[in-house]
Amino acid sequence: MSYLEYRVQTVPTGLSKLLHINWALVLLLTAVACMGFLMLYSVAGGAMEPWARPQMERFGLGLAAMFVVAMVPIWFWRNVAFLAYGFAFALLLVVEVAGMAAGGAQRWIDLGFIRLQPSELMKITLVMLLAAYYDWLDVDKVSRPLWVALPVVMILAPTALVIVQPDLGTAILLVVGGAIVMFAAGVHWAYFAAVVASGVGTVSAVMASRGTDWQLLQDYQFRRIDTFLDPTSDPLGAGYHITQSTIAFGSGGWTGRGFMQGTQTRLNFLPEKHTDFIFTTLAEEFGFLGAASLLLLYGGIILFCLASAMTNSDRFASLLTIGIAGAFFLYFAVNMSMVMGLAPVVGVPLPLVSFGGSAMLVLMVAFGLVQSAHVHRPRGRA
Amino acid sequence: MRRPPKDTEESARRISRRAAIMGAGMFGFMAVLAGRMRWMQVEQGEAFRLLAEENRVNLRLVPPVRGLIFDRQGRILADNAQNYRIVVVREEAGDLETTIAKLRGLVPLSDEQVERALREIERRSPFVPVTLADQLKWEDVAEVAVNAPALPGVTPEVGLTRYYPLKGDFAHVVGYVGPVSDRDLEQAGGDPDPVLQIPDFQIGKVGVERKLEPMLRGTAGTKRIEINASGRVMRELDRQEGERGADLQLTIDAGLQNFAQARMGEESASAVVMDVHTGDILACASAPSFDPNLFVRGISVPDYRTLTENDHRPLATKTVQGTYPPGSTFKMLVAIAGVEAGVVTPGETVFCPGFREMGGRRFHCWKRAGHGWMDMHDSVVQSCDVYYYELAERVGIDRIAAMARRFGLGERFDLPLSAVAEGLVPDKDWKRRTRGETWRIGDSLNAAIGQGYNLTSPLQLAVMTARLATGEAIRPRLVKSVDGREQPVLSDGPLGLSPTLMAQIRKAMFDVNNHRRGTAYRSRIVADDLKIAGKTGTSQVRSVVVRNEDVPWEQRDHALFVGYAPYHAPRIACAVVVEHGGGGSAAAAPVARDILARALHDDLPPLEIFPASQRSELEALFSSLPLLREDGTPPADRA
């Protein structure tokens, strides 16, 4: 069903929208962000500066943005989806070109109060565009090759720009995030099966080529793969961060070493402890209970989003919500796998917890969209 | 655009279905994550915690405080001095050059020091403290401390380093410490003490410092420190103090040692002074000496070359390491051997025509004109050689050697000094064993006057003299107490020689110094209760007889003197060897007399005890000696 098909008069208006906001989701988001503040305070050695205070301010800003976005009717967001995508794509291009000029160092645009990374913006606008696309597309055509090719182009165009930055983590999130929307929209299994199969095929071909005349990667690239598969093979080199991270993680035990007592964190054995490896600090200081609690909160967020999507009969709204939930899931799943040594280090932050302005703001706007979809869901028949 | 309701309902159902599938997938993966967490943190938690501890905690050794060394009066010979130094930490220093420039305004710093420090800083991590200046005065360090705000990254530090306040006086006995060398590690064997690995650790190199290293060193303590990923020390977790090394008290009297050292001056000489009853070594001086403090930090190449190229061998411990033919100081032993063997009586006379014919060779007496009729007493007093040629023939070398050994010659005494020599008391067996030749009568004749193969160290001569004075087989002792525990006085009991004979020998030695004809008559003490009994000796460096004044220094004879005092109640024995000094009576006896007089008085002796004719000369001599000041500090102009 599309919003064109239900009477908008049944949708709450004005401030009464606030009552229809999914407050449980707000609570969960705040709880996760608070864990983030606590950890940022801890990794700074028990200080609000330089991370905890700015992070709180940004969360406040993000919360405000979320409410504003939530108040705006969902059909507005559907209508601007294409524009937003185009805007984000243009920014990405600008950064790319300007970045080239500046020696490739710059990936962000300085807005004064925040440094906006267009690639972050792209993550939602892509989901928005895909959701809008499938809302518009006739259901029967969803799995036809031509109509499958179109969203694939929508996904791969920004991905290509991101991957040359190079930002492998974001590229993966874009591709998989897009694929999640496509999958939810009902694109035929066979396409995904084909992609997965060819991916597996490529990987095994690459690995099989090692040491033969037709070797597909350079030796050093193979060594990096080795390091991922067995970090202890190079404990002081590339595997150092992973080894130290798993040591810190494991040493947390059941209840952790206590707030601000994590020796690995305190003594700088952990890299990037305020961004990509903040989950390790949490695990070290609060143990299994702390780490599992965060996972539970994340699970709650996913659950609320999926439930909202499944009960929403508006196609754009539910695809958008699923897409955002999927992207959010990817964020924390990849980050946690990474710090626990289940995935290679690709530089994906822990959503709402890691220090970082644009990621936080963009995520909160995304949850604003989820709220808007929730608030403006169709209620009853015309 | 309106869609048929069927289409929209179908689509919504499909989305929900797919959402459910994805949800299942997501929660499935989250379950995997939770499982992994549980495995890492709960199952493997202990193992990882251990790894984290290993990362974090580092065990470091705390060097033990080295035991101090005192003299018999409790004066300090080897001290642990506060070593003030200035260290700089690059990452805190900001602009290193201006900081060093400012520092140079406060502390004397040579270009070389600065250059070396800069090189060191270049090599090390930025947080490692690098020593900029060492062995500073307290005033300099205080100056730096006061100006600390203007000198970021610069801190004064204090550590302990060995210091020898009496400098050259104890360079040979106490020795010195130095940085641990590869050779030290090698000698420590397969399981060296881990403290040797501590940077800047000092180990005994020479003398007591080396020989009693295990006592002095103590045992290292440990401290557990927390380090961060880059190896920086964050804090000390706990500390276990080691055990400090034992304090040693030597039998040496620093004042006497100082006098002996000063009295010998720049001569290549050595003197050993001993308590005749306990065997305590009161002085053990080897000249010329050097400042052991030079070695503590590592001596410079030019300084070291100066020491090694000096033909007076300042680095050698001549008192125990130097061996010389005893010359006439050996004669008492030959006389005792002869009387004990029954081949001669003390009153029996031998005619000295100035030489003795033996196997077609003439063996000369030092007095070409001859001494005439000599009995045992006169032969000692006038040091007649021909009397001993006769005795040698009668008694035989083996009995002479046996007697010499009873008096401590040819024995390596167990003293904690470097390279204690065994010397050599030759006999028939020795010559056959080492040279493959038979002993000839001529060898006996040479041996009987302390020449030939005989080799003795000043220490052995002092022991011999003490045994002559007491008739007891006392043994030398250098360490009086260890950490306050008195060490045993060693003696092998009475020598078992006839007291009458010993008295006669002693009377003869008395006349050496106190009879007008005696060879050491000039070097006498006139005070009745302090009179010396002794014996001069001259050991030949070359065989042809020429006047000493006519040959270069290194070919002149060694001058020896052994003696004890007071004659009537012996307390102190002394042996002096002046290398290439010429004759014993002229070069060695006066030195020994002065040292004995100093030893008997525990201070500069009063001039009245010396012969009136020598008093003004001695007064001038004593006042010119660079002696310790009243407060025990060395005179400023001495090394």
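Order of the sequence lines sets the chain letters (A, B, ...), proteins ahead of strands, with each chain counted from 1. A quick note: this is a predicted structure, and the numbers were derived from the prediction, not measured.
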Inset, instruction - Quick one: which of B/Met30, B/Met26, B/Arg14, B/Glu46 has the most heavy-atom pairs under 4.5 Å with chain A, could you say? - result: B/Met26
Legend entry - chain B interface, residue from A/Gly326, A/Ala325, A/Ala283 that has the most non-hydrogen pairs under 4.5 Å: A/Ala283
Inset, instruction - Could you check which of A/Ile302, A/Leu295, A/Thr311, A/Leu306 has the highest count of heavy-atom pairs closer than 4.5 Å to chain B? - result: A/Leu295
Inset, instruction - Would you check if there is a donor-acceptor pair between the side chains of A/Thr321 and A/Ser308 at a distance under 3.5 Å? - result: no
Legend entry - Under 4.5 Å from a heavy atom of chain B, the part of A/Leu330 involved: neither
Legend entry - is_close_aromatic(A/Phe329, A/Tyr298), centroid dist under 6.0 Å: no
Inset, instruction - Examine B/Arg18 relative to A/Trp189 and say whether NZ or CZ is less than 6.0 Å from the centre of the six-membered ring and inside a 45° cone about the ring axis. - result: yes
Inset, instruction - For chain A, find which of B/Glu43, B/Arg17, B/Met22 contributes the most heavy-atom pairs closer than 4.5 angstrom. - result: B/Met22
Legend entry - A/Thr280 (side chain) donor-acceptor with A/Ala248 (main chain) under 3.5 angstrom: no
Legend entry - Among A/Ala309, A/Gly299, A/Ala292, residue most engaged with chain B (heavy-atom pairs, under 4.5 Å): A/Gly299
Inset, instruction - Report the relative orientation of the aromatic rings in A/Phe328 and A/Phe332; use parallel for angles under 30°, tilted for 30 to 60°, perpendicular for over 60°. - result: perpendicular
Inset, instruction - Evaluate the side-chain proximity of B/Arg38 to A/Trp254: yes if any heavy-atom separation is below 4.5 Å, no if none is. - result: yes
Inset, instruction - Pick whichever of A/Ser318, A/Ala185, A/Gly287 has the most heavy-atom pairs under 4.5 Å with chain B. - result: A/Gly287
Legend entry - Interchain contact, B/Ile21 with chain A, by part (heavy-atom threshold 4.5 Å): side chain
Legend entry - chain B contact via A/Leu303 - side chain, backbone, both or neither, heavy atoms under 4.5 Å: both
Legend entry - B/Ala20 versus chain A, the contacting section by heavy-atom distance below 4.5 Å: both
Inset, instruction - Could you tell me whether A/Phe316 and A/Trp136 have their ring centroids closer than 6.0 angstrom? - result: no
